[in-house]
Amino acid sequence: MAETGDSFRDVQERLGACFPELSSQERARLASTTRLSFYAKGEWIYVEGDASPVTCWIVSGQVELLKGSALGKHTVLHVVQAGHFLDLYGVFGGGVAFLSARALSPCVVLTMENRVFRALLTENTDLAQRVMRALAMRQRMFINKIAVSQGKISVRRRVAGWLLHKARVEKSSVLDDGMTREVLAGLLGLSRESLSRQLSRFVQEGMIRLERRTIVIVDEQALRRCLLED
């Protein structure tokens with residue numbers, strides 16, 4: 001990991017773009033304890049159980065969140081895209097990382113000191129509401145992951161649910177397919193072969209098209225009906 005060398009003004013501008021809820025004074029206050037860091041593909045950003053004095057925001061790249069350690073077996077819980085927080089539990093959970101985070105691609109990350117970020121949450125209602133919404137969404141994802149691990153959600157429903165969620169997040173029916181099948185399969189609790197078979201079935205049924213590095217949703221309503229199946 002290496003710092004990018006951006007100036008205080010550059011960090012302020014990036015914070016302004018990421019957090020429009022902040023006033024100019026609040027941006028300057030947060031920028032004073034924020035750094036911009038670069039992580040290479042495969043590099044660990046932090047490991048479960050480590051001291052976690054900072055809150056991370058992805059400026060660019062993709063990061064996988066894992067339950068486990070850098071040396072042991074791990075389970076993929078979520079893949080975080082640019083424009084989102086990593087693990088917010090460090091802000092509220094005593095400064096210890098609840099999960100591990102590893103760069104899936106070269107990443108640029110804003111790391112904000114928890115002490116200052118937490119203080120801003122108590123003072124800025126709009127920022128606090130945004131963080132609570134992010135926490136609620138992440139919690140729903142983890143609850144779904146538990147249900148998947150217990151075999152209570154079919155392969156068809158898992159893949160349809162992921163496609164619909166990604167379309168909602170990206171606000172588009174044309175989805176970036178930059179994530180490898182192996183990573184996505186791990187995220188959904190499937191084998192790579194099961195994932196590929198289900199995507200092929202959706203293509204045959206006219207619900208999606210697979211194009212170069214994209215998945216195009218053709219029939220959103222049909223995918224939604226999959227979520228109601230047993």
Side-chain angles (χ1 to χ4, degrees), residues 11-27 29-31 33-34 36 45-46 48 52-67 76-101 103-104 107-148 153 157-158 160-173 175-176 179 184 187-188 217 220 223-224 227:
V11 172
Q12 275 190 292
E13 290 177 355
R14 287 180 183 266
L15 286 172
C18 297
F19 303 105
E21 303 90 347
L22 297 176
S23 67
S24 57
Q25 292 84 1
E26 288 171 331
R27 286 198 301 272
R29 183 175 160 197
L30 186 56
T33 60
T34 296
L36 202 58
I45 297 174
Y46 52 77
E48 180 182 349
S52 182
V54 296
T55 296
C56 296
W57 174 272
I58 305 180
V59 176
S60 65
Q62 292 181 323
V63 177
E64 59 181 346
L65 297 181
L66 312 159
K67 193 63 178 171
V76 180
L77 293 180
H78 187 45
V79 174
V80 186
Q81 309 287 341
H84 294 278
F85 290 104
L86 284 183
D87 179 9
L88 278 165
Y89 298 100
V91 182
F92 307 104
V96 176
F98 174 67
L99 304 165
S100 300
L104 276 174
C107 293
V108 178
V109 177
L110 279 170
T111 54
M112 301 165 282
E113 189 176 304
N114 281 343
R115 175 182 56 83
V116 176
F117 191 69
R118 191 182 297 118
L120 287 173
L121 290 177
T122 66
E123 302 164 11
N124 187 315
T125 303
D126 290 339
L127 180 63
Q129 289 179 345
R130 179 178 180 181
V131 168
M132 292 304 293
R133 286 194 297 270
L135 275 171
M137 180 174 288
R138 195 67 55 84
Q139 183 182 39
R140 288 197 297 271
M141 290 177 182
F142 289 165
I143 289 171
N144 184 65
K145 183 68 177 181
I146 291 170
V148 165
I153 300 178
R157 287 175 60 193
R158 293 181 215 181
W162 176 81
L163 290 169
L164 291 168
H165 167 74
K166 191 169 175 65
R168 184 170 63 252
V169 170
E170 296 186 4
K171 297 181 174 61
S172 173
S173 61
L175 312 179
D176 176 26
M179 195 185 307
L184 178 56
L187 178 63
L188 297 177
I217 295 179
E220 180 178 334
L223 285 174
R224 292 193 180 282
L227 303 183

Which heavy atom in [X] sits nearest to a heavy atom in [Y], and how many Å separate them?
X: Cys56; Y: Thr111; result: SG-CG2, 3.7 Å
X: Thr34; Y: Leu30; result: OG1-O, 2.7 Å
X: Leu22; Y: Leu120; result: CD2-CD1, 4.3 Å
X: Phe85; Y: Val80; result: O-CG1, 3.3 Å
X: Gln12; Y: Ala31; result: CG-CB, 3.5 Å

Taking the side chain as every heavy atom from C-beta outward, state whether [X] and [Y] have any pair of such atoms under 4.5 Å apart.
X: Leu127; Y: Phe117; answer: yes
X: Phe19; Y: Arg130; answer: yes
X: Tyr46; Y: Val54; answer: no
X: Leu164; Y: Glu220; answer: yes
X: Met112; Y: Thr55; answer: yes

Mind checking the CG-CG spacing from Leu15 to Leu110? Nearest 0.5 Å is all I need.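 CG of Leu110 is found 5.5 Å from CG of Leu15.
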Please walk me through it: do Asn124 and Glu26 pass side-chain hydrogen bond (donor to acceptor under 3.5 Å, both in side chains)? CA-CA 9 Å; Asn124 187 315; Glu26 288 171 331; 3.0 Å; yes
